Colleague: 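What follows is a structure written as structure tokens; I'll ask about it next.
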Amino acid sequence: MATSSAAAPSRRSVFDAAYIRSEFSAVGISAHFIPLIWKYVLQNPRCGDLDGIPSLPANAYALLRQKFRPITSTLTAAADSKDRTTTKLLIRLQNGESVEAVVMRYDTRLGKYDGKPRPGGVRATLCVSSQVGCKMGCRFCATGTMGFKSNLSSGEIVEQLVHASRYSQIRNVVFMGMGEPMNNYNALVEAIGVFTGSPFQLSPKRITVSTVGIIHAINRFKDDLPNVNLAVSLHAPDQDIRCQIMPAARAFPLEKLMNALQSYQNERDQAIFIEYIMLDGVNDQEEHAHQLGKLLETFKAVVNLIPFNPIGSSSNFKTSSEQNVKKFQKVLRCTYGIRTTVRQQMGQDIAGACGQLVVSLPDERSAGGATLLSDIEDLRI
């Protein structure tokens, strides 16, 4: 009986942490060598093999040659926005599928906090993908039009950071790219473990995971990923509107979701980001703002209002007017005392803005410096 060799890659990414630890353990190699391998690949992203890594046990080289590749994905294209603040990366995976990641550059000194000038300087946030496509089917999101194709391995998630590090020094990571991270939970947790260890050394407080509200995963998240930020794509103040624009919300009733978030906050005492896309005439009226305010008034939350980014001529939604966005923000801030920000539009011209990731790149490509915007992702909560 014939077997197919295409069922799984013959060699795995060295950044697939659990797999490389298991293989090293099986032949008696200490796991403390693994960060040395990762550091070498990070510093030599185009290396074709791992024979140049110094000071490994002799049997490690043979194992690496047999079962691992330095990088299993390929950066096939990159596009810079016209203002040079955003770079969208198209990354081809070993199975032939592609995903996108987005580098967003900010200058924290251009904003204010509590009315005072903010310290800091230039930094970059990387928006990573966790799946090829997405099964959630949100009607305002381009990725949802692809349907679900496959989960990324933890190594493929980490490799997005390796590729992005060629363009900017990454300080923050947000899981807000293609896919629902909580539906690829084990790879999510494993990848964040790599991000926060050597050689990447990202602070857990500078990593944010966004979810449509996968309740059972949120219940695990608070124990498995302490200090990592949770963002919830709420997008509506009641269940009916949520189901209208987010079909997957039927499986996660709003009342149960809010109970899970209350439990999360009771145990963590950590603010929750609430993402709310502003759709003209759908969820952006003052009455919706009051509903949202009442829903969140017992929470320690930061609401991020997201102007809708068009996803093509077939879209059934329109962007809320600036006046409606400001009114909405004022109700939440002034009536309910909820910290509320408006997400800046970044990367719209290269389809790299929120909700636009769908594996495509414009013809215009460039490289070089960037005009820096004030910080929006690095909120002190």
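The structure displayed is predicted, hence computed values, not measured ones.
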Colleague: With sequence neighbours excluded, give me every side chain to side chain donor-acceptor pair (under 3.5 Å) pair touching residues 53-69.
Modeller: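 Pairs touching residues 53-69 that pass the test: Glu23-Lys67, Asp51-Arg65, Arg69-Gln94.
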Colleague: For residues Phe24 and Ala60, report the shortest heavy-atom separation together with the two atoms involved.
Modeller: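 In this case the closest contact between Phe24 and Ala60 is CZ-CB, 4.5 Å.
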Colleague: For Lys326, check salt bridge (charged side-chain N to carboxylate O under 4.0 Å, His left out) against everything at least two apart and list the hits.
Modeller: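 With neighbours one apart ignored, the set is Glu322.
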Colleague: Taking Lys300's backbone N and O only, do any of them form a donor-acceptor pair with Gln265's side chain (distance below 3.5 Å, no angle check)?
Modeller: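 Yes; judged by distance alone, with no hydrogens or angles, the pair exists.
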Colleague: Do side-chain atoms of Trp38 reach the backbone of Ser198 as a donor and acceptor pair under 3.5 angstrom?
Modeller: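 Answer holds: no.
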Colleague: Return yes if some donor-acceptor pair links the side-chain N/O of Ser210 with the main-chain N/O of Val232 below 3.5 Å, else return no.
Modeller: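 Checking the backbone N and O of Val232 against the side chain of Ser210, no donor-acceptor pair under 3.5 Å is found.
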Colleague: Any ring pair (Phe, Tyr, Trp, His ring centres under 6.0 Å) involving residues 316-338? Give me the pairs, sequence neighbours left out, ordered by first then second residue.
Modeller: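 The answer is Tyr276-Phe328, His290-Tyr336.
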Colleague: Mind checking whether Phe148 and Met136 sit in one hydrophobic cluster, side chains of I, L, V, M, F, W, Y counted as touching below 4.5 Å?
Modeller: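 In one cluster: no.
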Colleague: Can Arg12 be said to sit on top of Tyr19's aromatic six-ring, NZ or CZ under 6.0 Å from centre and within 45° of the ring axis?
Modeller: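 Here Arg12 passes the 6.0 Å and 45° test against Tyr19.
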Colleague: Provide the closest heavy-atom pair for Glu275 versus Ser233 in the form atom of the first, atom of the second, distance.
Modeller: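 Taking Glu275 first and Ser233 second, the nearest heavy atoms are OE1-OG, 3.0 Å.
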Colleague: Taking atom CD1 of Ile192 and atom CG of Leu202, what is their separation to the nearest 0.5 Å?
Modeller: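 Between Ile192 CD1 and Leu202 CG, I get 10.5 Å after rounding to 0.5 Å.
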Colleague: Just jot down the side-chain contact (heavy atoms from CB on, under 4.5 Å) partners of Asn184, sequence neighbours excluded, or say none.
Modeller: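 For Asn184, the residues satisfying side-chain contact (heavy atoms from CB on, under 4.5 Å) (neighbours in sequence not counted) are Gln131, Asn151, Leu152, Ile157, Ala187.
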Colleague: Side chains of Val102 and Leu126: does their closest heavy-atom pair fall under 4.5 Å?
Modeller: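 Val102 does not reach Leu126 side chain to side chain.
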Colleague: I need the minimum non-hydrogen distance between Pro237 and Leu295, along with the two atoms involved.
Modeller: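 Where Pro237 meets Leu295 most closely, the heavy atoms are O-CD2, 4.1 Å.
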Colleague: For Arg333, give me all partners under salt bridge (charged side-chain N to carboxylate O under 4.0 Å, His left out), at least two apart in sequence or on another chain.
Modeller: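 Arg333: no salt bridge (charged side-chain N to carboxylate O under 4.0 Å, His left out) contacts found.
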Colleague: Taking C-beta and beyond as the side chain, do His163 and Ser73 meet within less than 4.5 Å on heavy atoms?
Modeller: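 Answer yes - side chains close enough.
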Colleague: With side chains defined as the heavy atoms from C-beta onward, is the minimum distance between Met278 and Ile306 less than 4.5 Å?
Modeller: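 With C-beta onward as the side chain, the pair stays apart.
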Colleague: Does Asn324 reach the main-chain N or O of Ser320 with its side chain, forming a donor-acceptor pair under 3.5 Å?
Modeller: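 Judged by distance alone, no pair lies under 3.5 Å.
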Colleague: Within the structure provided, determine whether Phe273 and Val303 are in side-chain contact (heavy-atom separation under 4.5 Å).
Modeller: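 No. Closest side-chain heavy atoms not under 4.5 Å.
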Colleague: Is any side-chain heavy atom of Ile218 less than 4.5 Å from a side-chain heavy atom of Leu261?
Modeller: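 SC-SC contact between Ile218 and Leu261 confirmed.
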Colleague: Which pairs pass ring pair (Phe, Tyr, Trp, His ring centres under 6.0 Å) with one or both residues in residues 211-251, sequence neighbours excluded?
Modeller: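 Found Phe140-His235.
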Colleague: Report yes if the side chains of Phe299 and Glu297 come closer than 4.5 Å at any heavy-atom pair, otherwise no.
Modeller: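 The answer is no; the side chains never approach within 4.5 Å.
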Colleague: Once you measure the plane-to-plane angle for Phe195 and Phe175, does it fall in the parallel (<30°), tilted (30-60°) or perpendicular (>60°) bin?
Modeller: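 Rings of Phe195 and Phe175: tilted, 30 to 60°.
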Colleague: Looking at side-chain heavy atoms only, is the closest gap between Val209 and Asn229 below 4.5 Å?
Modeller: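 No, too far: nothing below the 4.5 Å cut-off.
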